[in-house]
Novice: 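First the structure, then my questions, so here it is.
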Amino acid sequence: MAAAAHADVHANEHDHAHEHHELSFIRKYIFSEDHKVIAKQYLISGIIWALIGGFLSLVFRLQLGFPGIDLGWLKPILGERWFDEAGKLDPNYYIALVTMHGTIMVFFVLTAGLSGTFSNFLIPLQVGARDMASGFINMLSYWFFFLSSVIMFASLFVHDGPAGGGWVVYPPLSALPDAAPGSGTGMTMWLVSMAIFIVSSLLGSVNYVTTVINLRTRGMTFDKMPLTIWAFTFTAILGILSFPVLFSAALLLIFDRSFGTSFYLSDIYINGQALPNQGGSPILFQHLFWFLGHPEVYIVILPALGMTSEIIATNSRKPIFGYRAMIFSMLGIMFLAFIVWAHHMFMTGMNPFLGSVFMLLTLIIAVPSAVKAFNYITTMWRGNIVFTPAMLFSIGLVSFFVSGGVTGIILGNSALDIQLHDTYFVVAHFHLVMGSAAFFGMVAGVYHWFPKMFGRMMNATLGYIHFWITFAGVYVVFFPQHYLGIAGFPRRYYSYTGFDFTNKYQDLAELSTIAAIVVFAANIIFLFNFFYSMFWGKKATANPWRSNTLEWTTPVNPGHGNWEGEIPAVYRWPYDYSKPGAAEDFIPQNIPFSATPESNLEDENEQIKEEKEIEGIKFNYNIPD
Amino acid sequence: MASANNSTTAEHLMWKGGIQPMKVGYGKLMMWIFLLSDTFTFSALLVSYGLVRFSFPTFEGLRKNFEFSNAWWPIPERVFEAVPFLHGISAPLVFVGIMTFILIMSSVTMVLAVEAGHRRDKADVEKYMLWTILGGIAFLSSQAWEWGHFIHGTEEGLTLANGTKVFGANLVQNQYGPPAFADFFFFITGFHGTHVLSGVVLNVLVFYNASNGIYEKRGHYEMVEKVGLYWHFVDLVWVFVFTFFYLV
Ligand code: HEM
Ligand SMILES: [Cu+2]
């Protein structure tokens, strides 16, 4: 046995032979191949994007809450040309702001910032690997993301403004550069940036799946993986299978824009002139877009749900309720996500029979979603709950997921959607269920794994303040929007002053705006806490939350390779909290059953005899990579 | 894959972690996953083609009376019936048949190269890689000719309703039928051609490395296998593209 372990250490050393010398600053922090550094790069980029996206939303919220308000003081930041003499926002720029806000939040913050950070950080640490399968491809993935970020950012400042027309960039508007200011250069850059973003996302996802398959440590069978890892894996699979379809759609759109093809164009007049384009179909684009678009919303939420499972179980000091049910419901959600896309298209003139089929499939998603919600609640039920900031944010996520999910069921009925489509009701729905829920998951993840990332603790008091303001604030921002939507406020409108009925709702819009400003301010507290704690926070211990997963068995500041000695083997699932008979209220995954006779169940005693066998498994270095 | 078998781990432990469960390294695994993803790229394009194609009427009359018109989708046999050097002779789908044959043969030589890699027979790997590269280049050149002919058009051209004459096809107009037919033809065969081109580049790299003995030194020819997977995939996609554009 000792010899075997020795050989294993050697083999790993051999694997890392090229890293014995000190890495230069550039290789260590910039073009790094270490998954932990790449994760932090994604996190910082995500935070910057969140600030930009949040700022843009405040600008258009001000216009919505106080139509015609003087925003002239923004000229130095956004450019003279978007405001008239009275400082009123330009309507075309308004729609561009909405578009960029959506794009930035969905793709750059909640896809790259969320999956990029936590899949990278946690997959190797929690499955027990020294790094991702390919550090190089991982690095490439980040730098493609960076490139796409630069292009998207630059597009904010081009002469005719960034892309307009919504984050879904429907043709014909997006296909005809002459159709609107937001369809010009900004749109071209949007498409190029997205194409590069997709490449980055694929490189990342391929790595995540491969790592989970090939590099689990000894004993880490699939039914012992933390739910975070399951969630990240499903997310990666969703991305691998749906992003390429957006890639095709974007390429066809680029051809329509720049090379005169008519994939999405037919029967169009601009300024009374008939265009020559015939035979294409704008609905085709919508099908292709939503084939990605719907899975994308789960790409955003699944990682957050995975982290929440982990955080809620740890802080309830109880095993997760329904571990397998959680996996199967995620699997179900993933499968269904591919066959419900047309619920975004009930109102596009699609065949109503097809609409009924998609309605049925859509409503089925409520079942696995509800299973997850109930499992969170039953995990907390009668637990010894520790209200850390991470735990509070996870509970907040569950709350948003439920309140936003309920309105999803309303929207999923094609008859009700006739009234509600493209109104603020939809905006309220997805900001709760996706936007806020995923954002809370991300923040919860930061609070929870901050000690592992930076070796220090974040300040809990500031965390509580951050939580309560944000949690209440989000409801104040989005709850009124349900009523606006039911009353008939369409989304993406510059102002509603043309319709009399809207006047009596103006106070609700104002309330939304004020609350949005408060929430934004509360998140500045978070930023302060984040950067302050990074340098001056309390030093962390190795396992501050008394958690079971493998990342807490590494040194406080894990180096490249994560574990100093041999990678620990795994014997049990990650949810042995408050096990009857055990001395402590948690038993980490790397503690063998043979060491805990006092708390073992019968079938666990059976597993003791397999322990030696599992410890003896050796990575096969003869298999070429 | 003789080398992979000297693992000491028992079969029932393969999925217990600590070892590559499917006995493949990460590189090949990544290639498989990438190809799965690329399948969706092509499927999206082919499904789009299908949707647009069936939104147009098909020619109703007898086949022998078929004429090109913007009003209906063309019959592919009538569009693709030229062969180089045989000017004026109608040989429906003969040339594209030859192209398809070339591409399939290059897959066969690729299999032989992979097999030679398993035997670690450097000379054979080089030989078969070279044949594969030649096949790829031959396919690309044929496609260039096919495109050229399609772009150039026939002498008669097509007279539109407003009296103007159209010769050949490009992304905006098409003498053989609705412009959408040409748009999709150029886009999808072009997208596939780009894949073939990158495949040829990869093959050249592998050939270069193999002849420099890099794989010999490394002790395995895994790289040939990975690129081989890609090559077969590109080949398989062509079969679908061929079916959609030339047979349906
Ligand atoms: C019970 C489950 C759910 C159902 C039945 C449901 C149903 C729907 C329907 C029918 C729409 C289209 C409304 C319209 O445009 O008229 C919609 C929009 C949307 N949903 Fe959901 N949804 C559910 C859960 C979710 C979840 C979990 C997320 C994200 C994590 C999400 C994100 C979105 C987004 C982003 C949109 C709006 C997209 C846009 O038009 O910009 N939904 N939902
Ligand atoms: Cu959806």
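Letters A, B, ... mirror the listed sequences (proteins, then strands); counts begin at 1.
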Novice: So I19(B) and K618(A), side chain to side chain contact (heavy atoms under 4.5 Å, CB included) or not? Walk me through it.
Specialist: CA-CA 6 Å; I19(B) 189 165; K618(A) 279 204 288 294; over 6 Å; no
Novice: Please report the closest heavy-atom contact between G25(B) and N214(A), naming both atoms and the distance.
Specialist: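 In this case the closest contact between G25(B) and N214(A) is C-ND2, 3.7 Å.
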Novice: For the NZ atom of K23(B) and the CG atom of N622(A), what is their distance to the nearest 0.5 Å?
Specialist: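 Going from NZ on K23(B) over to CG on N622(A), the span is 13.0 Å.
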Novice: Which atoms of L251(A) come close to chain B, meaning under 4.5 Å heavy atom to heavy atom: side chain ones, backbone ones, both, or neither?
Specialist: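 Both parts, backbone and side chain.
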Novice: What residues of residues 284-292 of chain A sit under 4.5 Å from chain B when only non-hydrogen atoms are counted?
Specialist: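 From residues 284-292 of chain A, the residues near chain B are L284(A), L288(A), F291(A).
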Novice: Between K226(B) (side chain only) and D625(A) (backbone N and O only), is there a donor and an acceptor less than 3.5 Å apart?
Specialist: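 Checked: pair present.
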Novice: Please identify which of these residues, F186(B), F181(B), F187(B), Y49(B), meets the ring-ring contact (aromatic ring centres under 6.0 Å, His included) condition with F263(A).
Specialist: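 The ring-ring contact (aromatic ring centres under 6.0 Å, His included) with F263(A) is passed solely by F187(B) among F186(B), F181(B), F187(B), Y49(B).
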Novice: Locate the shortest heavy-atom distance separating P21(B) from I213(A); write the atom from each residue and the value.
Specialist: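 The pair with the smallest heavy-atom distance is CD-O, 3.2 Å.
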Novice: Are L241(A) and S37(B) close enough, and set up right, to give a side chain to side chain contact (heavy atoms under 4.5 Å, CB included), and what steps lead you there?
Specialist: CA-CA 5 Å; L241(A) 301 183; S37(B) 174; 5.6 Å; no
Novice: Using heavy-atom distances under 4.5 Å, tell me whether T261(A) contacts chain B through its side chain, its backbone, both, or neither.
Specialist: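 Looking at T261(A), backbone and side chain both touch chain B.
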Novice: Check for a donor-acceptor pair, side chain of Q20(B) on one end and backbone N or O of N620(A) on the other, with a separation under 3.5 Å.
Specialist: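 It does hold such a pair.
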Novice: Chain B heavy atoms under 4.5 Å from F259(A): which part of the residue, side chain, backbone, both or neither?
Specialist: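 Both parts, heavy atoms under 4.5 Å.
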Novice: Does any backbone or side-chain atom of I137(A) lie under 4.5 Å from a heavy atom of chain B? Answer side chain, backbone, both or neither.
Specialist: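 For I137(A), the side chain is the part near chain B, not the backbone.
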Novice: Heavy-atom distances under 4.5 Å only: say whether L202(A) touches chain B with side chain, backbone, both or neither.
Specialist: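 For L202(A), the side chain is the part near chain B, not the backbone.
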Novice: State plainly whether the residues E610(A) and K16(B) are in salt-bridge range, i.e. N to O under 4.0 Å.
Specialist: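 Salt bridge between E610(A) and K16(B), a charged N being under 4.0 Å from a carboxylate O: yes.
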Novice: Any chance you could measure F255(A), atom CZ, to F184(B), atom CZ, to the nearest 0.5 Å?
Specialist: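 Reported to 0.5 Å precision, the distance equals 12.0 Å.
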Novice: Quick one: pull up CD1 in I240(A) and CD1 in I33(B) and give me the separation to the nearest 0.5 Å.
Specialist: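 CD1 of I33(B) is found 5.5 Å from CD1 of I240(A).
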Novice: Could you check whether any side-chain N or O of S248(A) sits under 3.5 Å from a backbone N or O of L45(B), counting only pairs where one atom can act as donor and the other as acceptor?
Specialist: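 Pair absent, no side-chain N/O of S248(A) close to backbone of L45(B).
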Novice: Which answer fits D223(A), side chain, backbone, both or neither, if we ask what part of it has an atom under 4.5 Å from a heavy atom of chain B?
Specialist: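 Neither part; nothing is under 4.5 Å.
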Novice: Do you know which two heavy atoms are closest between V52(B) and G279(A), and how far apart they sit?
Specialist: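 Looking at all heavy atoms of both residues, the closest pair is CG1-O, 3.8 Å.
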Novice: Between F56(B), W32(B), F42(B), F34(B), who has the most heavy-atom pairs with chain A when the cutoff is under 4.5 Å?
Specialist: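 Highest number of heavy-atom pairs under 4.5 Å: F56(B).
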Novice: Can Y26(B) and S134(A) be said to form a side chain to side chain contact (heavy atoms under 4.5 Å, CB included), step by step?
Specialist: CA-CA 8 Å; Y26(B) 74 79; S134(A) 166; 3.6 Å; yes
